[in-house]
Amino acid sequence: MNSYNPAKLEPKWQKVWQSKKIFAARENANKQKKYVLVEFPYPSGAGLHMGHLRPYVAGDVYSRYLRMRGFEVMYPIGWDAFGLPAENYAIKMGVHPSITTKKNVANAKKQMLSWGLSFDWAREINTTDPEYYKWTQWLFLQFYKKGLAYEATGLINWCPKDKTGLANEEVVDGRCERCGTEVVQKELRQWYLKITAYAEKLLAGLGQLPEWPEAVKKSQENWIGKSVGAEISFEVISAGTDKAKTNFLILHGRNGSSSSHAFPWLRKSLEAKGYKVQVPDLPNAGEPNDLEQADYVAKNCKIDENTVIVGHSFGGTVALRLLEKGVRVKKVFLLCTPFSGKFLDNKIRKSVTEACKKGFDFKRIKANASAFGLLYDTTDYVVPMQDGESFSEKLGAQLVKIKGNEPHLSGAQEPEVLGKILPSLKVFTTRPDTIYGATYMVVAPEHPVIADNQNNIENFKEVKKYVEAAKKKKEMERSAEGKAKTGVQLKGLKAVNPATGQEIPVWVADYVLWGYGTGAIMAVPAHDQRDFEFAAKYQLPVQCVVEPVENPEQELEDIRQGKKCYAGQGKVVNSDVFDGLSTAEAVGKMGEAFGRLTTQYKLRDWVFSRQRYWGEPIPLIHCEDCGVVPVPDKDLPVKLPPVKKYEPTGTGESPLAAIKKWVKTTCPKCKQVAWRETNTMPQWAGSSWYWLRYADPKNKSKFADLKKLKYWQPVDVYFGGMEHTTLHLLYSRFWNLFLYDQGLVTEKEPYKKRQPHGIVLAADGEKMSKSRGNVVDPQVIVKKHGADTLRMYEMFLGPHELMVSWNDQGVVGVRRFLDRVWQWAEELSENTKPQNTSPKAEKLLHRLVKKVGEDIEAFRFNTAISAFMEFHKEIKAEPISLGAAQSFLKLLYPFAPHLSEELYQRLGGKKMLQQEAWPEFNAALLVDNETELVVQVNGKVRGKLIVGAGEEESAVKSKALELPAVKQALVQDSVKRVIYIKGRLINLVI
RNA sequence: GCCCAGGUGGCGGAACUGGUAUACGCUACAGACUUAAAAUCUGUCGCCCGCAAGGGAUUGAGGGUUCGAUUCCCUCCCUGGGCACCA
């Protein structure tokens with residue numbers, strides 16, 4: 001008899017399986033498909049660890065099981081190989097990351113093969129392979145072409161150690177998710193993916209994923225952070241003087257007049273607020289001349305340094321000519337003013353185009369006004385948005401895109417315009433129903449209203465000091481201080497509560513975040529805990545406008561008097577015509593009355609560029625004339641050039657920027673000299689679509705063939721870790737939803753079921769780490785006990801989704817079990833006399849078939865393994881037929897494939913186990929005809945009875961009453977009630 | 001603070017839909033085999049009282065529903081994870 005020698009037989013079967021390609025997946029129209037996915041690893045120098053093993057083995061057990069159940073199973077694997085470790089190694093040792101990667105991949109693959117994983121290696125992919133990242137780049141360009149990839153300069157999270165920008169999702173507790181270095185804010189030009197455009201779809205999609213764990217869905221929901229409320233503008237005035245001095249000059253456009261468009265309404269609205277307004281009728285409005293009109297205005301209107309010019313369309317051109325002439329004003333608003341002289345409707349407007357062609361002296365213009373406002377209509381069909389962008393660049397002013405009541409902002413009323421031209425603070429609130437209780441306003445330290453009003457803020461020095469201190473505070477410190485709120489009043493500024501008309505103070509405080517909503521709030525101390533604390537500290541007034549409906553009288557009095565904050569729902573009071581409404585009704589009504597209803601998300605756009613070498617180059621070209629131009633499909637991939645130094649510059653430029661020869665290229669549009677984008681993509685890029693590539697990994701003309709995608713999509717089960725919930729899992733859903741909208745994939749949601757797994761801790765209950773010296777190397781276990789033991793113990797440790805502690809001593813339990821199975825089967829194989837399975841063994845086997853099948857489908861691997869052990873203990877001395885023993889091996893196969901395969905052959909199996917069918921169970925055999933029944937008196941166990949399965953209550957009762965223990969218990973009382981559960985128990989109640 | 005898991009022997013954990021709590025494995029102890037040890041096999045093994053037969057309490061704590069609760073409900077405590085001054 002041979003003894004069990006996994007070191008010998010495991011490599012043998014691994015070779016056979018590979019050579020016979022029994023794990024290859026094909027598009028087979030006659031079979032139902034199953035797509036089992038595990039997160040592909042980063043091939044690190046340290047090799048794969050226990051954390052990788054857990055999901056991979058789970059996926060393997062499941063895949064092998066499904067194949068035996070007759071499904072066409074795809075279980076693919078690949079390498080997420082861009083990333084910092086290889087790059088950092090390159091910096092240190094000068095070895096190209098691709099070499100390190102290749103070496104590490106070879107090693108990890110060896111490990112995977114040694115674990116007996118049934119991957120389809122023909123579909124292996126590698127994100128660093130140009131044939132792969134060609135399509136990552138191509139997909140990026142699809143985003144770009146749809147306006148979902150954009151370049152912007154802004155404060156971003158910057159890791160000083162890795163010297164690169166990070167996405168919001170990569171910052172954990174103010175530290176770099178990868179290296180733990182404290183993240184700083186840095187002003188940089190970056191590429192963004194507009195994931196916010198998909199916030200609603202990403203949220204709604206969660207509702208269509210019943211097989212996802214609640215925890216994962218909740219977490220994504222939190223991260224997206226939707227809140228419904230209203231945006232409301234509060235007019236801002238500077239104390240006393242300013243309002244009287246400011247005056248408005250409104251200039252109409254071509255074919256306009258003082259009585260056309262929204263001009264009469266605007267005049268009335270402004271005058272009602274106490275401003276002086278001039279709206280001249282300009283000469284030759286039909287075919288206007290900008291210079292002539294500017295002269296006319298200069299002669300006929302009163303203009304001083306407190307004048308705000310509002311120029312609509314061509315009126316804006318006239319306004320700029322006025323400044324060129326040397327007229328000094330306070331501010332100029334350009335409303336849909338043309339720049340290029342080209343129009344969206346392609347009509348000819350000769351006078352306008354000619355005026356544009358003259359160009360502008362922006363230096364002079366900028367010198368003659370202290371501020372510019374650019375208001376452009378998103379529904380305009382005449383003046384392109386591009387014109388607004390051009391002005392924005394030339395004037396250094398922010399372009400504000402609004403949606404007018406009529407296109408080209410030509411409605412009879414344009415409230416959005418009014419809101420913008422009056423100095424105002426916009427707030428977002430989820431409680432517009434409490435607006436009558438807004439007794440002060442707070443802006444974030446970064447809010448531009450502070451810099452804009454430098455001259456109007458009396459205590460500007462103090463404010464500036466506060467703002468600078470706040471900016472220095474790291475995120476960490478802000479939260480470490482807890483809820484202690486600080487702030488400074490902007491003295492000299494007042495806001496007007498649009499509901500009450502009252503003037504209220506404006507404060508700056510860092511409890512208001514620049515990154516959320518509008519960076520400004522209306523503070524309602526009576527009904528918001530944070531505002532209440534702040535008001536208490538700085539003695540600001542508290543005005544109760546909501547009363548709870550059900551609270552006891554005592555508390556109600558405190559709330560009414562503003563002594564207590566009440567943030568709940570209730571009845572609206574002290575709110576004029578809205579009194580008596582429920583807060584729920586009032587949210588909508590008051591939101592619409594004083595602003596507009598809108599929705600906010602916590603989700604931020606995804607910072608998509610990294611200033612590092614080892615990533616996919618962003619396939620864009622910067623041309624002086626054509627702007628940003630995508631690299632044509634035929635020129636993809638943009639390959640990483642060889643470099644001498646991998647070190648990031650640290651200035652915010654990627655190491656690629658130093659490769660002059662590579663950077664310099666020609667513009668695909670105009671063939672002039674142009675420059676390549678030197679940023680690379682984040683590591684998340686390659687994994688945002690990899691599961692699609694598996695369906696068609698060798699395709700040279702497409703990222704994946706739609707027919708093949710249709711067969712394989714969606715992923716049926718995706719095994720992976722909790723740590724990717726708001727990273728990879730969110731990002732890849734975003735890419736998939738986008739591709740779905742482009743008709744490039746067939747499913748809205750990529751993963752039908754998500755199966756998370758608990759992390760594997762060391763024996764000491766700590767995380768495995770080199771520094772703690774508690775790492776268990778899977779290869780050591782393979783060497784000592786074999787892969788089958790490793791796999792089974794890993795599964796046996798505990799429920800797949802819970803965290804478990806590896807215990808080296810525990811491994812032997814599984815090893816002993818496999819040893820016993822081996823002995824048992826060997827003895828059977830040597831027994832030449834055929835025998836019949838005993839009824840007991842037969843019954844237990846059928847139970848095992850049912851149990852193991854159910855457990856695998858529910859990913860309860862640990863209890864399936866217990867069942868094997870129990871079964872084996874029970875039957876090892878029973879007579880058993882060859883067929884029954886083979887069935888047992890079929891069940892064991894997904895867990896311990898090598899041992900099962902070997903023994904199956906020795907017991908006369910003809911095919912590979914993977915090609916055999918999963919055993920069926922006979923339901924009739926599962927029923928017991930005699931059962932052990934528990935006899936209880938008042939719920940306490942007093943004895944046991946063996947009775948027939950169908951036995952009636954009366955018969956069981958009389959048998960039960962005969963039991964001595966029952967008799968003893970019944971000495972003094974009589975049975976009042978009998979509860980009889982067939983096959984379970986009889987309970988005598990006395 | 002909010003949301004989501006979870007809390008069962010010395011340890012990892014099991015228990016279907018409310019029906020014998022502690023399956024399976026580890027550890028420990030005893031025995032067999034051995035010159036001896038390892039390996040293997042057999043047995044014992046949650047707690048308290050008891051020589052034993054037997055009895056009692058017990059699934060984080062307290063309360064409730066029920067003939068019966070690890071399981072359902074309420075309050076609280078603890079551990080892990082997520083979000084966190086999100087207006």
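In what follows, every chain begins at residue 1, and chains take the letters A, B, ... in the order their sequences are listed. Fair warning: this is a prediction, and the values are worked out from it, not measured in the lab.
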In this structure, are over 12 heavy atoms from other groups packed under 6.0 Å from A:K957 atom NZ? no

Base, sugar-phosphate, or nothing: which does A:K602 touch, judged by heavy atoms less than 4.0 Å apart? base

Contacts table for residues 798-812 of chain A: side-chain donor-acceptor under 3.5 angstrom, sequence neighbours left out:
{"from": "A:W806", "atom 1": "NE1", "to": "A:D808", "atom 2": "OD1", "distance (Å)": "3.2"}
{"from": "A:N807", "atom 1": "OD1", "to": "A:Q809", "atom 2": "N", "distance (Å)": "2.9"}

So, using side-chain hydrogen bond (donor to acceptor under 3.5 Å, both in side chains) as the criterion, who are the partners of A:S866 when residues are at least two apart? none

Go through the structure and list residues passing ring-ring contact (aromatic ring centres under 6.0 Å, His included) with A:Y4, not counting sequence neighbours. A:W822

side-chain hydrogen bond (donor to acceptor under 3.5 Å, both in side chains) partners for A:S227, two or more places apart: A:Y516

Using nucleotides 38-40 of chain B, report all nitrogen or oxygen pairs with the protein that are shorter than 3.5 Å.
{"from": "B:U40", "atom 1": "OP1", "to": "A:R816", "atom 2": "NE", "distance (Å)": "3.2"}

Selection from B:A87, B:C24, B:C85 that lies nearest to any side-chain heavy atom of A:T429: B:A87

Protein-nucleic acid N or O pairs under 3.5 Å, nucleotides 17-22 of chain B:
{"from": "B:U20", "atom 1": "O2", "to": "A:K944", "atom 2": "NZ", "distance (Å)": "3.1"}
{"from": "B:U20", "atom 1": "O4", "to": "A:E932", "atom 2": "OE1", "distance (Å)": "3.2"}

Can you tell me how far P in B:G43 sits from the matching atom in B:C48, rounded to whole Å? 25 Å

What are the residues of residues 795-809 of chain A, sorted by number, that bring a heavy atom to within less than 4.0 Å of RNA chain B? A:F796, A:L797, A:P799, A:M803, A:Q809

Those residues that, when tested against A:Y980, pass ring-ring contact (aromatic ring centres under 6.0 Å, His included) (two or more places apart): none

Name every residue in residues 851-858 of chain A that has at least one heavy atom under 4.0 Å from any atom of RNA chain B, in order of residue number, or write none if there are no such residues. none

According to the Watson-Crick and G-U wobble definitions, with both distances under 3.5 Å, which nucleotide is paired to B:U71? none

What is the base-pairing partner of B:U17, counting Watson-Crick and G-U wobble geometry with both distances under 3.5 Å? none

Selected nucleotide, minimal atom distance to A:E870 side chain, candidates B:G55, B:A23, B:A87: B:A23

Taking only residues two or more places apart in sequence or in another chain, which ones pass ring-ring contact (aromatic ring centres under 6.0 Å, His included) with A:H447? A:W514

Output for pair (A:T518 OG1, A:F428 CZ), nearest 0.5 Å, gives 9.0 Å

Does A:F534 have any ring-ring contact (aromatic ring centres under 6.0 Å, His included) partners at least two apart in sequence or in another chain, and if so, which? A:Y440, A:W507, A:Y511, A:Y538

Contacts of A:T583 meeting side-chain contact (heavy atoms from CB on, under 4.5 Å) (sequence neighbours excluded), chain-then-number -> A:R431, A:D433, A:V546, A:Q569, A:V572

